[in-house]
Amino acid sequence: MNVLVVDDEPIIRQGLRELVDWEHFGFTYAGDAEDGMEAYELIDALHIDIVITDLIMPRMDGLALIRKLKECSRPISSVVLSCMDDFTYVKEAMKLGAKDYILKPTMEPESLMDILVGVKRDLEIQRNERREQGLRELELASTLQMQLSTRLQAYLQSGVGEAELQAELFGAAAGSSRADAASSLVSLLLHTGASAAATGWRWTGCLAALPLAADSVLLLMPAAAATDGGALAAAAALERAAQVRLADAPDWFIGAGVVLRRLQDVQPAAALHAQQLHERFYGMSRNRRIVLAPEAASKPTAALPYDIRSDLLRCIVHDNSEGYLHHADVLCARLREQRPEKERVLPFIQELLALAAGYARERGYAEIDRYEELFVHNKALQQFASFEQVQLFLLQAMSTLSEHQMALGNDQKHRSANPFIRKVLTYMRENYASPISTSDMADHVRLSRSYLSDLYSKEIGESLSETLTRIRMEEAKRRLRAGEMKVYEVADAVGFPDAKTFAKTFKRVVGCSPKEFEKPN
């Protein structure tokens, strides 16, 4: 414990500093002062636990200093240094809370330490009792808060208990003419972020806390002033507390709300804060406090882009990495434009990633178990606080699939030791620009069409027609990418009878029209 010596005689201060083995008895000689005024300025700076003080001193005497110590937020004990004729002062000091006294003329280090050890023990007991009392009060407040929060949530769902809640929260019955008797509350949004979900935050000073969404809560706080300025001040105060309590949580933020004067105001406030969460999810701002509260206007539920998702998955089925990377960008752009609720977007993306894994596994992509570990079974997606994080996650997943597809090597899935299979593959690559049929392929390798079709399907895993279409589409993409030919010219160059049939097949296989493929992503 830290000890401060206060005496206007330098010889007394020096003697106590040098003649006593403070550390041996578990004390630290933290400093000394010439009078009570200087001492009081050192109390917090040196985190003093025990003050040994003279009584008769200039500017501020020992009695005044002991009175000031009672104003401190934490218990600080005092011991009086007294001369023989100071007994009246000593009695007054003991009434003010001094723990003991020692006479200067007869002071010995051993007797001083005996007194200080007893004072230390009493001080530790006092502080422990205060700490336990604080914990009990906090636990009681937390329990009352939880009970009130549960009842408020039930009211919002069913309308039960309106009169009682109105009285408890606002101090007057709804519709009462005693407007001056009603108190006001402030609604605040606190989003802790997933990393802080289990930190055991206690809503100090909060009357009720309602869950809004994952890691987000609506707090009802007493209003310092029944004005919008009071609401902003409450948000600023909560932000200061969060900067300490949530220092290690990267995604927390505060939403400033409105002043509430009756129970019916809670539901609109919850809708407003839900809109703040929505705006934050799609917004680029990373401010810790949202000051401007958007209107929680009702609007039609935005549709999820299942059509784009189907196109993306079709590209995976056809090993078209450029296609599914393109559609991932288009899908994210559509979501950002339509802005559906986060609670619908996250499962939608999670399902997409799982379906992509299934189709890629069927196609023989490499390391699909690793892909599933990173993107399907990983819980990170559910913890994202912004759409920007979701978009990055999806694009990373598609890039990983592309890498796993490339790991197969060119045409690895079409390699075969069977000479008939190798011969028919070579025939298709050399004659894709001509209107060849499966009968032409069978004639070329001198096998019956049915036998060749069965043999090829079992060996390669797809039909002759599917392989021929794939070869034609790869060549079509190459020519379209070069930008030197019109669509109808590309159609003719890769063996299609007309541009319409080519465009329909290209859309089915690649996932977009030839015109869309020509445009830069």
Q: Any side-chain heavy-atom pair from V258 and D265 closer than 4.5 angstrom?
A: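 No, their side chains stay 4.5 Å or more apart.
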Q: Around atom OH of Y371, are there more than 12 heavy atoms from other residues, nucleotides or ligands closer than 6.0 Å?
A: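 Yes.
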Q: Using the ring centroid of each side chain, check whether F348 and Y306 are separated by less than 6.0 Å.
A: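 Yes, they do, as the ring centres are separated by less than 6.0 Å.
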Q: Donor-acceptor pair, S402 side chain versus M398 backbone, under 3.5 Å?
A: no
Q: Looking only at side-chain N and O atoms, does Q383 offer a donor or acceptor that is under 3.5 Å from a partner on Q389?
A: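 No, no side-chain donor-acceptor pair sits under 3.5 Å.
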Q: Under 4.5 Å between any side-chain heavy atoms of C332 and L394, yes or no?
A: yes
Q: Show your working on side-chain contact (heavy atoms from CB on, under 4.5 Å) between Q391 and L335 and close with a plain yes or no.
A: CA-CA 10 Å; Q391 178 174 340; L335 287 172; over 6 Å; no
Q: Hey, is E124 close enough to R121 for a salt bridge, meaning N to O under 4.0 Å?
A: no
Q: For R344 and A302, indicate whether the former's side chain and the latter's backbone hold a donor-acceptor pair under 3.5 Å.
A: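 At least one qualifying donor-acceptor pair exists.
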Q: Taking atom CG of L346 and atom CD of Q382, what is their separation to the nearest 0.5 Å?
A: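 Those atoms lie 5.5 Å apart.
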Q: What I want to find out is whether D49 reaches R127 closely enough, with some N-O distance under 4.0 Å, to be called a salt bridge.
A: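 A salt bridge links D49 with R127.
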Q: Other residues, nucleotides and ligands only: do more than 12 of their heavy atoms fall within 6.0 Å of CZ on F384?
A: yes
Q: Ion pair present between D32 and R17, side-chain N to carboxylate O less than 4.0 angstrom?
A: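 Salt bridge between D32 and R17, a charged N being under 4.0 Å from a carboxylate O: yes.
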Q: side-chain hydrogen bond (donor to acceptor under 3.5 Å, both in side chains) for E279 and Q275? Distances and angles first, verdict last.
A: CA-CA 6 Å; E279 295 293 328; Q275 186 66 14; 3.0 Å; yes
Q: Would you compute the distance between atom NE2 of H377 and atom CG of L353 and round it to the nearest 0.5 angstrom?
A: 11.5 Å
Q: Answer yes or no for R280 and F253: cation-pi contact, defined as NZ/CZ to six-membered ring centre under 6.0 Å and angle to ring axis within 45°.
A: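 Output yes; distance and angle both within limits.
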Q: Does this structure show an ion pair linking D7 with R13, if we count only N-O contacts that are shorter than 4.0 Å?
A: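 A salt bridge is absent here (no side-chain N lies under 4.0 Å from a carboxylate O).
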Q: Honestly, is K120 close enough over F27, meaning NZ or CZ under 6.0 Å from the six-membered ring centre and within 45° of the axis?
A: yes
Q: Run E372 and R361 through salt bridge (charged side-chain N to carboxylate O under 4.0 Å, His left out) and show every step you take.
A: CA-CA 10 Å; E372 290 182 331; R361 187 180 296 278; 3.0 Å; yes
Q: Closer than 4.0 angstrom, basic N to acidic O: yes or no for E239 and R289?
A: yes
Q: Should the ring pair F387 and F281 be called parallel, tilted or perpendicular, given that the plane angle runs from 0 to 90° and is split at 30 and 60?
A: perpendicular
Q: Got a salt bridge between R309 and E351, using NZ or NE/NH1/NH2 to carboxylate O under 4.0 Å?
A: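 Result for this pair is yes, salt bridge flagged.
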